[in-house]
Structure formats: C-alpha cells, structure tokens
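All ligand and atom numbering here is 1-based and tracks the order in the structure. Position 1 is the first residue of the sequence, and the numbers go up from there.
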Amino acid sequence: AGETGDKGFLSKMKSSKRRLVVFYGSQTGTAEEFAGRLAKEGARYGLKGIVADPEECDMEDLTAIKALEEDLEGPTLAVFMMATYGEGDPTDNAQELFDWLKGGSGDVEGLNFSVFALGNKTYEHFNAMGIFVDKQLEKQGGQRIFKLGLGDDDSNLEDDFITWKEGFWQAVCEKFNIEASAEDFN
Ligand code: FMN
C-alpha cells in the first residue's frame, strides 16, 4: 500500500497490455523467483505476465482485474505464489493480503486465479497461507483455473513447482483456448 495509482499493478497491466499478474508472498526469495519465472514463461502462451509484491499493492485493486478484460481483449489471470512461516503465518510482504482476504469484504467475482503454495511438511501448519488464499479467493467469487499446488521444501520444491506449472499451463491453454504453439503470440 501507499503506492500511487500509476505504480499499481492494474495500470501496469493496462499500459503493458499484460493479462497475467503473479503475486508473491516471500521471505527469502523463493516464491519471488518462482513468480518471475512463471510471469516470463507466459510469453510462450501470449500471456507474458507482470510480477507484483502485494506489499506495494492496493488490495482493493484485486476486485478490478476482471474489468480489464475488455480493454486488454482477452481473459485476465492472477496467480499467487505464497510461502508460509511461523504458526502458519503469511510472509511480512503478504500480511496485508492475508488481512484483506480474512476481512472477507473484497468481492473478486469472476477473477481467474491459481495458487502455488511454498512450505515444508515438517512444520505443523504445512502450506497454511497458500491453502488459505486458495480457499478464500474462491469463497469471494474467484474462479480457480488450476488446483492449488502444495510445494514441499522438505523434499523437492523445484520439482513440485515444475510439475504444478506444467499442469497449470495446460489448464490455462484449455480454459482460455490458447494454441500450444505459442511463437505467434510473443
Ligand atoms: N512451511 C510451512 O509449510 N509451514 C510453516 O509454518 C513454515 N514455517 C517456516 C518457518 C521458518 C523459520 C522457515 C525458515 C521456513 C518455514 N516454512 C514453513 C518453510 C518455507 O515456507 C519454505 O521454505 C518456502 O519455500 C520459503 O519461501 P521463500 O523463500 O519465498 O520465503
């Protein structure tokens, strides 16, 4: 929060004509790195994304992503890479997102979303933040495009991410009617 309007992700999406935004809740950078990779990879599908730090966003803007679709001439999509800390808590940069979703007042009707959770199964509250975000977005009207990914840093988080994103892109292509050969879209 505290950012001016034209620095927010909505205006960035508009000005760069991007229909994908990838948010991350990250403490030591893994979720942020994954977010960057996913956003970049979208180019293959005509869906190059922007990466957004929720700490720098006005959460109310989440309710307005759907409305960009007319302007951007295609479906929009919000992805959340969410790490869990402490007693199943959000990362510092995702605290506000957590509070906003918990408040339950935001209406994200029709928002296409998908969540990949980063955690470690040796902790009692395994992936609690990702699970919460996934559940809450649906509760508030969001459309889940692909199932929640449960990344486990105790085994192989990188493999979990790769497996999840393969399924994710497949689902996106099916739902958005995107051809697999993507070069034309870049
Ligand atoms: N993972 C969970 O699933 N639940 C937890 O409660 C949890 N607490 C953690 C506490 C500490 C101090 C650390 C270092 C890790 C914890 N993790 C927990 C694992 C992290 O969420 C996981 O390593 C994640 O990949 C970190 O992402 P980041 O690099 O983006 O911050």
Inset, instruction - Check step by step if ring-ring contact (aromatic ring centres under 6.0 Å, His included) holds for F23 and F9. - result: CA-CA 10 Å; F23 298 96; F9 65 87; 5.0 Å; yes

I need the atoms of ligand 1 closer than 4.0 Å to a non-hydrogen atom of [X], numbered in the order shown.
X    : result
G29  : 28 (P), 29 (O), 30 (O)
T28  : 28 (P), 29 (O), 31 (O)
F126 : 3 (O)
G88  : 6 (O)
Q27  : 28 (P), 30 (O), 31 (O)

Inset, instruction - Decide if atom NZ of K14 counts as having more than 12 heavy atoms of other residues, nucleotides or ligands within a radius under 6.0 Å. - result: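 Incorrect, the count does not exceed 12.
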
Legend entry - Over 12 non-hydrogen atoms of neighbours within 6.0 angstrom of NZ in K121: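 Correct, the count exceeds 12.
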
Nearest non-hydrogen protein atom, [atom]:
atom                    : answer
atom 22 (C) of ligand 1 : D153 OD2, 3.8 Å
atom 11 (C) of ligand 1 : Y123 OH, 3.3 Å
atom 20 (C) of ligand 1 : T84 O, 3.6 Å
atom 14 (C) of ligand 1 : Y85 CE2, 3.8 Å
atom 4 (N) of ligand 1  : H125 O, 3.0 Å
atom 27 (O) of ligand 1 : A83 CB, 3.4 Å
atom 24 (C) of ligand 1 : L118 CB, 3.9 Å
atom 30 (O) of ligand 1 : S26 OG, 2.5 Å

Hey, is ligand 1 close enough to [X] that some N/O pair sits below 3.5 Å?
X    : result
T30  : yes
N127 : yes
L157 : no
G86  : yes

Inset, instruction - Could I get the full list of salt bridge (Lys or Arg N to Asp or Glu O under 4.0 Å) partners for E32, not counting sequence neighbours? - result: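 Salt bridge (Lys or Arg N to Asp or Glu O under 4.0 Å) list for E32, sorted by chain: empty.
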
Legend entry - Under-4.0 Å salt bridge between E138 and K135: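 Salt bridge between E138 and K135, a charged N being under 4.0 Å from a carboxylate O: no.
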
Legend entry - SB check E41 R37 (cutoff 4.0 Å):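 R37 and E41: not salt-bridged.
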
Inset, instruction - For the pair F113 and I145, evaluate side-chain contact (heavy atoms from CB on, under 4.5 Å) and give the outcome as yes or no after the intermediate values. - result: CA-CA 6 Å; F113 76 91; I145 285 296; over 6 Å; no

Legend entry - Q170 and E166: side chain donor to acceptor below 3.5 Å: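 The answer is no; no qualifying pair exists.
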
Inset, instruction - Please state whether the rings of F34 and F161 are parallel, tilted or perpendicular, taking 30° and 60° as the class boundaries. - result: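 Aromatic pair F34/F161 classed parallel.
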
Inset, instruction - Report the relative orientation of the aromatic rings in Y45 and W169; use parallel for angles under 30°, tilted for 30 to 60°, perpendicular for over 60°. - result: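 Taking W169 first and then Y45, their aromatic rings lie parallel (interplane angle under 30°).
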
Inset, instruction - Compare N120, D160, T122, D154 and give the one whose heavy atom is closest to atom 1 (N) of ligand 1. - result: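 The option holding the nearest heavy atom is N120.
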
Legend entry - Rounded distance (nearest 0.5 Å) linking atom CZ of F80 with atom CG of L148: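 F80 CZ to L148 CG: 12.5 Å, rounded to 0.5 Å.
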
